[in-house]
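What follows is a single structure, written as structure tokens, with notes after it.
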Amino acid sequence: MIYADNAATTKMSAAAIQTMVSLMNENYGNPSSLYSLGQKAKETLEDARKTVAEAISADPREIYFTSGGSEADNQAILSAAALGRKNGKTHIVSSAFEHHAVLHTLEKLKSEGFDITLLDVHENGIVRPEEVEAAIRDDTCLVTIMYANNEIGTIQPIPEIGAICRRRGVLFHTDAVQAIGHIPVNTATDQIDMLSASAHKFHGPKGVGFLYARKGIRLTNLIEGGAQERGKRAGTENVPGIAAMATALKEAVANMADSAAAMKKQRDRLITGLKQIPHSALNGDEVRRLPGNVNFCFEGIEGESLLLLLDDKGIQASSGSACTSGSLDPSHVLLAIGRVHDVAHGSLRLSIGDDLTDEETDEIIRSVSEVVTYLRSFSPVWRDLVAGKTKFIL
Ligand SMILES: *Cc1c(COP(=O)(O)O)cnc(C)c1O
């Protein structure tokens, strides 16, 4: 089996599993309890906070543990909106290809009277800083732009956007779920005010993540209750999950350069190989993309069928995000970079790990070529294209 869907979730690292199991067995106290078992859990929790903070050049007091990326996105955006509303500022700038955790939160705010500007991401899948600058108004309370896109892997000009927001006095949040542990992220030099991350995207456990909020930013609670997480996120802390996340993040940061180099090599081999398939195109900028992301459109086929046939050949991939699969709508990300509906339907995302071999890469290329040819052999859309009844786009 070749697992090429690391953007949907990753396999936990052995060290992260080890951390989790040993805590579950031995260090199971409640960090709020005053006796020694509780205090030991509290120490483990605060060590994890330090590790996470260090990984993004933040202060431990700026880290709030959450149930994952979606919760962190919701809390960051709703906090900025609450602050904005208090000051009469109800305009938010974002982009058209954000994750649904961001887009759906913005839709909710829109229904409550906020004005939302979604910036164009252009053909290459990259937001232009000058367009962020131009979109900022006197009543803008937040700019939220993702660090790297989860479908097409394009990396956004975050330091440039951060500098603009800082200069204009507007809060800047970034959904960095796909970036953390994969490419360097520095909240200080990137001038980020709030950032979301999720453990299961960097070989940690599912159901745990964190929100970074710069000192002085007043967060709004999504969950009321006890005084955990500086009173901003109630509920007994998921200590084994949080500690395992810290283990995974420390590992990911330590191995980042080697891991990225290994992935880039296979990524570029895949891109070169898949480009040989006629009427295909890479989605998103070829250079400014995550080391492990490959995303293609193949004209005249359905991505869903492609996925199922690849699964039969032992290859696990995706045709967009795990969140939209199952729905018949084409990916909002591919539409945002200007792919028309028919073309966007025939998409394939391969998000590889750092252990993919040359042989496996070649097997993926061979399998995708075979399946695309097979699907086209009985596709009415393809027949019309070949007959000249409709025009090829790719
Ligand atoms: C996976 C993902 C999320 C959601 O994270 P969860 O921990 O699954 O809630 C948010 N944003 C991006 C970019 C993602 O890839």
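Whatever order the structure lists ligands and atoms in, that order sets their numbers, starting from 1. Computation of the quantities below employed the complete heavy-atom set of this structure, encompassing side-chain atoms and omitting hydrogens, waters and symmetry-equivalent molecules.
- Evaluation of the side-chain hydrogen bond (donor to acceptor under 3.5 Å, both in side chains) test over residues 251-272, restricted to residues two or more places apart or in two chains, returns S13-E251, S259-D354, K265-D358, Q266-D358, Q266-T361, R269-D362.
- Side-chain contact between N124 and R288 is absent, with no heavy atoms from C-beta onward closer than 4.5 Å.
- Going from atom OG of S79 over to atom CD1 of I217 covers 9.0 Å, rounded to the nearest 0.5 Å.
- With respect to the salt-bridge test (charged N to carboxylate O, under 4.0 angstrom), the residues E237 and R49 do not qualify.
- The residues lining ligand 1, counting any heavy atom closer than 4.0 Å, are G68, G69, S70, D73, H99, M146, N150, D175, V177, Q178, S198, H200, K201.
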request  = Kindly determine whether D384 and T390 satisfy side-chain hydrogen bond (donor to acceptor under 3.5 Å, both in side chains), including the steps that lead there.
outcome  = CA-CA 6 Å; D384 286 352; T390 49; 5.3 Å; no
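- Aromatic ring orientation, F392 versus W382: perpendicular (interplanar angle above 60°, classes split at 30° and 60°).
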